[in-house]
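Here the structure comes first, spelled out in structure tokens, and everything after it is commentary.
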Amino acid sequence: MVLVIAEKNIAAKKIAQLLADGAPKTDKVYSTQVYRFSVDGEEWVSMGLAGHILAPDFPEAILFDAERGWYSLTDDGEILPADVPDGLARPPYDSKRRPYLPDGINIKSWKVDSLPYLTWAPVVKHPAEKEIIRVLKNLAKKADSIIIATDFDREGELIGADALSQVREVAPDVPVARARYSALIKGEVCGAFDNLVELDRDLADAGESRQHIDLIWGAVLTRYLTLAKFGGFGNVRSAGRVQTPTLALVVARERERLAFVPEDYWQIRGIGASGDTAFKIAHATARFTDEQKAKTAFAHVQGKTSGTIVKVATRARKQAPPAPFNTTSLQAAAASEGISPARTMRIAESLYMSGLISYPRVDNTVYPPSEDLAAIVSGLAASSPALAPVCKKVLAGPMKPTRGKTETTDHPPIHPTGQGSPESLDGGQRKLYNLIARRFLATLMGPATIENTKLSIDVAGEPLTASGDVLVTAGFREAYPYGLKRDEQLPPLSAGDVIEVRDLALEAKQTEPPARYSQGRLVQEMEKRGLGTKSTRASIIERLYQVRYLKNDPIEPSRLGMAIIDALAAYAPRITTPDMTAELDGDMTKVAEGADTEAHVVDHSRALLAGLIDNLIDHKDDLGEAISDAVTADAKVGVCPTCGRDLVMKASAKTRGNFIGCMGWPECDVTYPVPSGVKLEPIEGDDGVCPECGAPKIKCKPFRSKAYEVCVNPRCPTNYEPDLKVGECAVCAEAGRHGDLIAHKSERSGKRFIRCTNYDECAVSYPLPARGKLQATGETCEHCGSPIVVVETARGPWRICVNMDCPGKEKRPARGRRGTAAASKPAAKKTAAAKKSAAKKSPAKRKPAAKKTAAAKKTAAAKKSASSR
DNA sequence: GCAAGGTC
């Protein structure tokens, strides 16, 4: 049997299809997809790895001293020489400066003292994809020969070399060869398998050098930053060859904005009208930089009510259809539609896995000749009725595809497959699929023609203008409306016509600083500067948000992010610029060409880092202070109305919930609750102080709905809500007594809830939505008899039964069973409190407000999963 | 608890 090892499943599948006599058979080894086929009567099988199957890391519990070098200790205290690669450089040992690694401190422990040793620590590999390795070894044992067919690039060679090392553990003698193809098409793949070569160790070593350098620099600097001011678990301050220069880009842009000195300018603008059509007019001098000149011009036109058309100029311009999508351009286009690059990749992956779009990690922007574009369009027409009319036009047209600047042969640009059923996609998936499908169609269509009309208007001797764009020939815009401005149609006018003029005003304005990066722009900027790859950029940006160096979109650096860049620019400047990546690329090329060795390149890099360590450690406390100040500044939401110190967002150690507390604690015990389940943001400046009570106001952004601002003080008059009777208590009615249900707002927590007036006997207490005006309706719920209230929300009124355990609420048609189960035994469970009071006062009766205890819920869930198995 | 690179 011949075993073919590809980098990923899609490659394994394609290779099987291209080499097989007849159609390959899909099979599973354990739970991994493999492809069985025959080539000239011989039995072949291909499998896909999942990228790198081994992960580099530092060895467990390695210690160092000058005599023994690297060693490890067994549990019994026995000293063993460490299993490290030959020829590894030793940490330069200076007993005054650098004691032995203290007892019990090893490379795995996060201690500043160990950083100089970590710089020189060996790097080993451990299995990262255990399942894949198991399958690989299983197949390798049965193989008569093996062909490594991973991607034809540096990382592909390394992935192949790692796979080979695993194969050798079970099949030391089986012949192994390498197939190098640059496109998954018949000619390329068959050619590669007819001309097998050897695995290129130098190229794999180049990839491994990259891994080691990234790990060593990343781990040393990340540990250093984290230890400089330990902020508790979950507060890692990371640094790396790609993430740090990326952060530096954002910080540099913010600094430009801070240093920006706005310039004053003036505009004269107003409204022109002819017949029923009104349009914007402005002085021909779009921006006056001289106030006096602006005032003089304005004095001429002020209060004027008519103008004369001097000239009408129309000019048509063509807008070329866009290039096919590669990863970066898809991420940028999706970011404009509000989908972050990271989310774009997650969605694209799912669309790819369900067979709706082609492979999403591509640099290529030119369709290969082998791609049957017409077939895709036909498929699209059949699967997406909404796109069918435009698909028909595309099929009838000349269908000359556009080409982008980057042409590679590994995969086609991102396009819909025209297969599957996109109709059932949910929100984000549907949005992205539509973008991809429409972009694909646009690349096969003609240009759009936009006609611009420019009116020159004389108003009391001053030149004014109006301009309007109209899409006259839709071309590709019929399929691809993204980023298209709305038509601004001017009325038909000609020279000499008189128009109405009104609302002319002189406006004083200021120039704006350079704009912040959007996530889409940042991805493009990273690509331009050689930072990261198509597969990593999105996740690197996401990481910078996760460690709270970045916030908001357009992107702003946090004070912490700025402090990190300042510190690294001072003590480890090499990590803050893209140069390190550029230099690494140069070194990699030398290793790949055999002009240098992995050991030498990595040791050189270690030495550069080692040269920085002493200075870093000397400044540890300065940095700790800077980080701590920055973190406090980021958490600041306002000033304490009692003592004047900063109020900051804090996390409760007990409940892990957030609250606002005074930095003066324990002398000052001012605290405020904050709403949970929403994203919170401080409001800067005077807008962030409540005019009523002086407490801070904060911005709350609930998931998928509109942000609002609120005073954090629950006792503030702006938060006052009178008690409201919403109806009668159905529980009490069942028990033969009377109780009213009253909506209260807690003065302590600011939370709203409903409670029964009969609370000595009745335990009814329901939470209410945090926001929206409440109204009693006088109606009762058909399911449980509890009152119905209306909550005014941003999306309009919302009628709810106040009973949180109402059986009517649990009816979910899609799942069904949960609802019916709950409805059939609504009185089954009670809260402990309800049971207690019921036992004391009155016999337990049917109770619509059945509240399940946590334990009861658990058993119910367990029963459910047991019955479904 | 570290990075960046593959891919799921």
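Keep in mind that the numbers below use all heavy atoms, side chains included, and drop hydrogens, waters and symmetry copies. Every chain is numbered from 1, with letters handed out A, B, ... down the list of sequences.
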Separation of A/Thr246 OG1 from A/Met526 CE (nearest 0.5 Å): 3.5 Å
Within the pair A/Thr536 and B/dG6, is there a side-chain N or O less than 4.0 Å away from OP1 or OP2? no
Answer with base, sugar-phosphate or nothing: what part of the nucleic acid does A/Gly51 contact at a heavy-atom distance below 4.0 Å? base
Could you tell me whether A/Gly207 contacts a base, only the sugar-phosphate backbone, or nothing, with contacts defined as non-hydrogen atoms closer than 4.0 Å? nothing
When you measure from the side-chain N and O atoms of A/Arg346 to the phosphate of B/dT7, is any distance below 4.0 Å, counting only OP1 and OP2? no
Taking the six-membered ring for Trp, are the ring centroids of A/Tyr181 and A/Phe152 within less than 6.0 Å of each other? no
For a quick check of understanding: with a heavy-atom distance under 4.0 Å over all strands, which category does A/Thr150 fall into, base, sugar-phosphate or nothing? nothing
Side chain of A/Arg210 - closest among B/dC8, B/dA4, B/dC2: B/dA4
Taking the nucleotide of DNA chain B with the closest heavy atom to each, which residue, A/Phe230 or A/Ser535, is nearer the 5' end? A/Phe230
Report yes if at least one side-chain N or O of A/Tyr359 is closer than 4.0 Å to OP1 or OP2 of B/dT7; otherwise report no. yes
Could you give the distance from CG (A/Asp202) to CE (A/Met588), rounded to the nearest 0.5 Å? 12.0 Å
Whole-Å distance, A/Arg237 CZ to B/dA3 P, equals 13 Å
Between CD1 of A/Ile132 and C1' of B/dT7 the distance, given in whole Å, is 9 Å
Counting any heavy atom closer than 4.0 Å, what does A/Asn235 reach on the DNA or RNA strands: base, sugar-phosphate only, or nothing? nothing
Spell out yes or no: do the side chain of A/Asn9 and the base of B/dC8 have one donor N/O and one acceptor N/O closer than 3.5 Å? no
Mind checking whether A/Tyr571 and A/His619 have parallel, tilted or perpendicular rings, split at 30° and 60°? parallel
Base, sugar-phosphate, or nothing: which does A/Gln243 touch, judged by heavy atoms less than 4.0 Å apart? sugar-phosphate
Assign each of A/Phe233 and A/Glu7 to its nearest nucleotide of DNA chain B by heavy atoms, then name whichever residue's nucleotide is nearer the 5' end. A/Phe233
A/Lys125 NZ - B/dA4 P separation (whole Å): 18 Å
Checking all strands, does A/Arg543 fall into the base, sugar-phosphate, or nothing category for heavy-atom contacts under 4.0 angstrom? sugar-phosphate
Gap between atoms CD1 and C1', on A/Ile5 and B/dG6 respectively (whole Å): 16 Å
When the ring planes of A/His604 and A/His600 are compared, do they come out parallel, tilted or perpendicular, using 30° and 60° as the limits? parallel
Between B/dC2, B/dC8, B/dA4, which one does the side chain of A/Trp110 approach most closely? B/dC2
How many Å lie between CG on A/Leu158 and P on B/dG6, as a whole number? 11 Å
Decide, yes or no, whether a salt bridge links A/Lys528 with A/Glu525 under the criterion of side-chain N to carboxylate O below 4.0 Å. yes
Base, sugar-phosphate, or nothing: which does A/Arg223 touch, judged by heavy atoms less than 4.0 Å apart? base
Quick one: which of B/dC8, B/dC2, B/dG5 gets closest to the side chain of A/Arg361? B/dC8
Take atom CG of A/Leu49 and atom P of B/dC8, then tell me their distance rounded to the nearest Å. 10 Å
Between B/dA4 atom P and A/Ile540 atom CD1, what is the distance in whole Å? 5 Å
Just compare B/dC2, B/dC8, B/dG6 and give me whichever is closest to any side-chain atom of A/Met353. B/dC8
Students often get this wrong, so: under 4.0 angstrom with heavy atoms, is A/Ser238 touching a base, only sugar-phosphate, or nothing? sugar-phosphate
Closer than 4.0 Å, any side-chain N/O of A/Arg154 to the OP1 or OP2 of B/dG5? no
